[in-house]
Amino acid sequence: MAHRDAGFVRRWLTEAARAVERDADRLTELDSAIGDADHGNNMRRGALAVVAALEKEPRTTPGAVLLLAGRTLVSTVGGASGPLYGTLLRRAGKALGDAERVADTELRDALRGGADAVAQLGGAAPGDKTMLDAVRPAVEALPDYAAAGAAAARGAADTVPLRARKGRASYLGERSVGHMDPGAASAALLFGALARVAAAEAAAGGVSDG
Amino acid sequence: MAHRDAGFVRRWLTEAARAVERDADRLTELDSAIGDADHGNNMRRGALAVVAALEKEPRTTPGAVLLLAGRTLVSTVGGASGPLYGTLLRRAGKALGDAERVADTELRDALRGGADAVAQLGGAAPGDKTMLDAVRPAVEALPDYAAAGAAAARGAADTVPLRARKGRASYLGERSVGHMDPGAASAALLFGALARVAAAEAAAGGVSDG
Amino acid sequence: MKMLINVPERVVADALRGMADAHPELVVDAENRVIVRRDAPVAGKVGLVSGGGSGHEPLHGGFVGPGMLDAACPGEVFTSPVPDQMVRAAAAVDSGAGVLFIVKNYTGDVLNFDMATELAADEGIEVARVLVQDDVAVTDSLHTAGRRGTGGTLFVEKMAGAAAEEGAPLARVAEIAQRVADSSRSFGVALAAPTTPAKGSPTFDLPPGELELGIGIHGEPGRERRRIMTSGEFADYALDVLLDDLRPDAPLLLLVNGMGGTPLLELYGLNAEVRRVLRERRIAVARTLVGNYVTSLDMAGASVTLCQVDEELLRLWDAPVSTPGLRWGR
Amino acid sequence: MKMLINVPERVVADALRGMADAHPELVVDAENRVIVRRDAPVAGKVGLVSGGGSGHEPLHGGFVGPGMLDAACPGEVFTSPVPDQMVRAAAAVDSGAGVLFIVKNYTGDVLNFDMATELAADEGIEVARVLVQDDVAVTDSLHTAGRRGTGGTLFVEKMAGAAAEEGAPLARVAEIAQRVADSSRSFGVALAAPTTPAKGSPTFDLPPGELELGIGIHGEPGRERRRIMTSGEFADYALDVLLDDLRPDAPLLLLVNGMGGTPLLELYGLNAEVRRVLRERRIAVARTLVGNYVTSLDMAGASVTLCQVDEELLRLWDAPVSTPGLRWGR
Ligand SMILES: Nc1ncnc2c1ncn2[C@@H]1O[C@H](COP(=O)(O)OP(=O)(O)O)[C@@H](O)[C@H]1O
Ligand SMILES: Nc1ncnc2c1ncn2[C@@H]1O[C@H](COP(=O)(O)OP(=O)(O)O)[C@@H](O)[C@H]1O
Ligand SMILES: [Mg+2]
Ligand SMILES: [Mg+2]
Ligand SMILES: [Mg+2]
Ligand SMILES: [Mg+2]
């Protein structure tokens, strides 16, 4: 079983930031349809801030990286996605403590705890058409990173026929049906980036399995 | 030489009102290009008010009809065209006094006096791209009514290449060139109506020449 | 993009600089995005803090001043502010008498203010919270995030502000705020979508000849899309919905609010129709406010907010207020 | 047509009914189209009357009240009122001390107010007139109808109003009004055309990516059409033109005015840029007003008005005013 260090988590978040930058307009488009047209902008602002924070305050453990990233999201994004994504990463970071390297299953468990915290904070259940509908299946597919990426993408796509029950899309009732949830779409970007970074690491043979 | 009674003037103004109603949108379009897009509306409001006033307060002399029409325009139109057209008709009406029937030349002289009053009130010279550029040639072509109608139409068309020096189009400077002056266009409607009513009267053989 | 701005990313920062220049009676911290009454903290007075996404001006920053808010936290356009701003605002206005957070009911606002409440408590600041959820366009149900907070926020900020100014303790100010929130109902309509700086084009499509009934203040869609209505038809429709929900048995405060892109001329015309309906139903209006108070950038449209008031609330409404957006009395 | 109205013909009448409902402190005669301060005529006080086309709200009707206008005459949308209205207004506010007509320099306004002056004289009312022509977009020349009156009107109405409220005689009030008019300069820009109720579509075409520099408040074109500018570029351009003409050697009043369709957020951002330019040129600003005061229906855009003030004018500016659109002091 592979172990991951701070560099891995940093690369993950950096790759996720790139993906958000690339797809920000699409996220905003999705949020125009059933929300308030700011999700792409929110995620971009958060991603830039996370990358800047990680550069300015280098962290040496996976937990510390996630903690800093989560705190940064809470402090810079606002909206619904800021506290929710912030909580996801912060809680995962807290769970990992100050271990220099963590097993893939530990990372999985930490992220699962993060997802639980998101559910508790926002009160969303599966099928409520939120980011959790992509986050949950991704976490459950771990430690298979490729599967997690695919599961998140599928989870996002599966939000299309759903009727929103949380967040501002819920005000739309029936009219929210037929659109992908923007937060689920950004979650798919997050786990897609994770899959790519893990694949690159595997290809480079850089994964220790101590 | 023909003589005209109150009925003639009333028919003229009624026919002019019809023309304004029909062409109001065009007048507004012209005023959009070099003004504030209200000339059609102003003229329509005035025309309706004149027709209503003449019905409510029947007048028995050409002078009284013109006086009432002019006063009504001043009281209901506003803008630049209200006082100017109002003055044209009021002054003409005053000049005709309380004669029951007036000669065509008397009507011409009265309208010429009205045009002079308009020039004095608004300070516009020939070629300044105003209603006067249609009113003046029309008045000069009287008592040939058909010629007056044609002259007014030509005068209006001839404002196209002019640069406005009075009214709000003057603020446009060079950019007023290439557009017909809305007030000249409405003046062409006024004298076109006069020509038609005179022709109808001639055809009906209803023109006295006492 | 059709805006008179520098760059989209700096719209809020530029606006805050401009507010600072225009309002020496406020302390505008553009860096930390907090707008504070210059004489804060006022000794012994409960501090009132609100905030939310930018783009709703004059709400909230324009309502900072004696008799209303002590501080406001502007977020990005249509995005709730972050807890750091709220904690900073609370610290700036707390005189020891505690702080009331006035929160519009949107997931983002609620979550961020909740986090701020915890953080403020850590710093020893006593915080109470009132949630404004006055928008009857969306049916309240377990299947939504509740009702949205819109025009009623102005009523809450004004009357709670007056109570705080009178020296009422935190529990009492919170109780007043809650009472006003409970007594307020709003219903809005959009004729054209707003354009956000980030998107640079209208956030939704509203074809000519159609309007969106029950619009939110971020352009969130509402109940239904319909053929354009006259102001009279809209007043009939909106008042039906509002009065069905509120069932008032006391005089009303009435806010005929512009969403930003609708001329005052139209808003006054709408007020005439609203008052016609209320007269038909023999419902008394104690005070009326017509204008752009809780806006949605340049969105064309309007909302109607009713607030049922007893004598105490009416007195608090009439109490002096001195802010950029609302000013009367001494 | 995208408006929340009943029928185009009734827009002004409906708005006046709505104003009457909203402002019990005014007497709004919707039939005769005159808005009068409830306590008019005020014994011994000079009466201030203004008016003009509708669609510029809150100008003029929103500036009726203690410390500003005694009466306003609203015309049709973008069309000057008729003499009958002005004579009626003059008669309603004349206490024997005479009446000042405040007239924006448009052919229609000038002609109608001139006729009214004659008619009022016939009725024994002493009338003085001040012409506001502050718009530097159009070069003053023999080949135009002069300069247009725009944002400076607010300054004239406010300071002349304060002088009248203090009991100054007609000649003195007229002199103050003239001084303010002479000291005011405006420059505007449009990003999108207004839609008049009668036309039902934008009164001119402004393609995406372009703006119209030197726009009037009826959407009259100005100096030139240009590629869109940033707020900073516009501030540089406008201040160049304004200061070139005004060459101030005393502090300024600054009005950053919205044309109706531009959000307050943008106006504050523009204010920041205007103040930057003025700081660069070491020109002091005594007071600032940011908001929608002299509008052009839903036109997107803004104007900047400067008024140079001495101590007396500043005192008159700061004097209490209590109108729907402008309110401060006691
Ligand atoms: N209660 C909730 N639980 C989980 N996710 C939520 C909840 N509310 C909203 N979200 C997510 O947040 C996304 C919207 O984020 P964003 O647009 O940035 O914030 P806002 O809705 O405040 O504008 C939604 O698409 C949804 O995935
Ligand atoms: N000084 C003037 N002398 C003669 N005619 C004028 C003068 N100023 C304006 N006009 C006429 O008035 C017309 C505009 O009328 P209208 O649009 O109704 O009024 P406004 O310009 O006040 O909106 C112009 O097209 C022009 O023919
Ligand atoms: Mg959003
Ligand atoms: Mg016109
Ligand atoms: Mg948002
Ligand atoms: Mg006009």
Side-chain angles (χ1 to χ4, degrees), chain A residues 24-25 27-29 31-46 48-49 71-87 90 118 120-125 127-131 162-176 179 183, chain C residues 8-9 33 51-53 55 73-85 106-116 119 135 137-139 141-148 193-205 214-225 296:
Chain A
D25 288 350
L27 295 179
T28 290
E29 273 310 320
D31 200 30
S32 303
I34 58 172
D36 58 350
D38 63 354
H39 191 57
N41 217 43
N42 290 345
M43 295 303 292
R44 180 198 281 131
R45 189 169 59 252
L48 286 175
R71 272 222 326 265
T72 304
L73 290 180
V74 169
S75 294
T76 54
V77 175
S81 51
L84 292 169
Y85 273 119
T87 294
R90 235 169 43 139
V118 169
Q120 207 194 334
L121 185 62
D128 277 359
K129 195 170 187 139
T130 70
M131 57 172 70
L162 296 177
R163 174 180 166 149
R165 288 210 194 75
K166 288 289 164 195
R168 78 179 69 237
S170 67
Y171 301 129
L172 272 163
E174 270 309 317
R175 293 165 79 192
S176 64
H179 301 274
Chain C
E9 296 72 32
R33 303 200 163 189
C73 311
E76 277 299 315
V77 170
F78 289 178
T79 304
S80 80
V82 299
D84 312 51
Q85 293 169 267
Y106 298 95
T107 306
D109 294 70
V110 171
L111 295 181
N112 285 285
F113 267 107
D114 278 355
M115 287 191 167
L119 293 168
D135 190 345
V138 184
T139 324
S141 91
L142 292 175
H143 301 306
T144 71
R147 283 176 169 177
R148 302 175 297 209
T195 295
T196 61
K199 186 156 190 277
S201 61
T203 58
F204 57 89
D205 241 21
I215 195 81
I217 55 173
H218 312 85
E220 305 96 327
R223 299 196 154 197
E224 51 168 333
R225 196 158 280 198
S296 183

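Values below: every heavy atom of this structure, side chains too, minus hydrogens, waters and symmetry copies. Predicted, not measured: the structure shown is a model, and the values here were computed from it. To find a chain, count down the sequence lines: A is the first, B the second, and so on, and within it residues start at 1.
The backbone N or O of A:G79 lies less than 3.5 Å from a partner atom in the side chain of C:N112, making a donor-acceptor pair.
Within the 4.5 angstrom heavy-atom criterion, only backbone atoms of C:E224 (N, CA, C, O) approach chain A. Only the backbone of A:T76 comes within contact range of chain C, judged by heavy atoms closer than 4.5 Å. Contacts between C:R148 and chain A at a heavy-atom distance below 4.5 Å involve backbone atoms as well as side-chain atoms. Looking at A:R45, the atoms closer than 4.5 Å to chain C (heavy atoms on both sides) all sit in the side chain, from C-beta outward.
Of the listed residues (C:D114, C:L111, C:V82), just one forms a side chain to side chain contact (heavy atoms under 4.5 Å, CB included) with A:P83, and that residue is C:L111.
Between C:T79 and A:G78, the shortest heavy-atom contact is CG2-C, 3.8 Å.
With rounding to the nearest 0.5 angstrom, the CG atom of A:L121 is 5.0 Å from the CE atom of C:M115. From A:S32, atom OG reaches atom CD of C:E220 across 12.0 Å, with rounding to the nearest 0.5 Å. Considering CG of A:N41 and CD of C:E9, their distance stands at 7.5 Å, rounded to 0.5 Å. Separation of atoms CG (C:D84) and CZ (A:R71) is listed at 9.5 Å; rounding is to 0.5 Å.
A:D38 has its side chain out of reach of C:E76: every pair of non-hydrogen atoms, C-beta onward, lies at least 4.5 Å apart.
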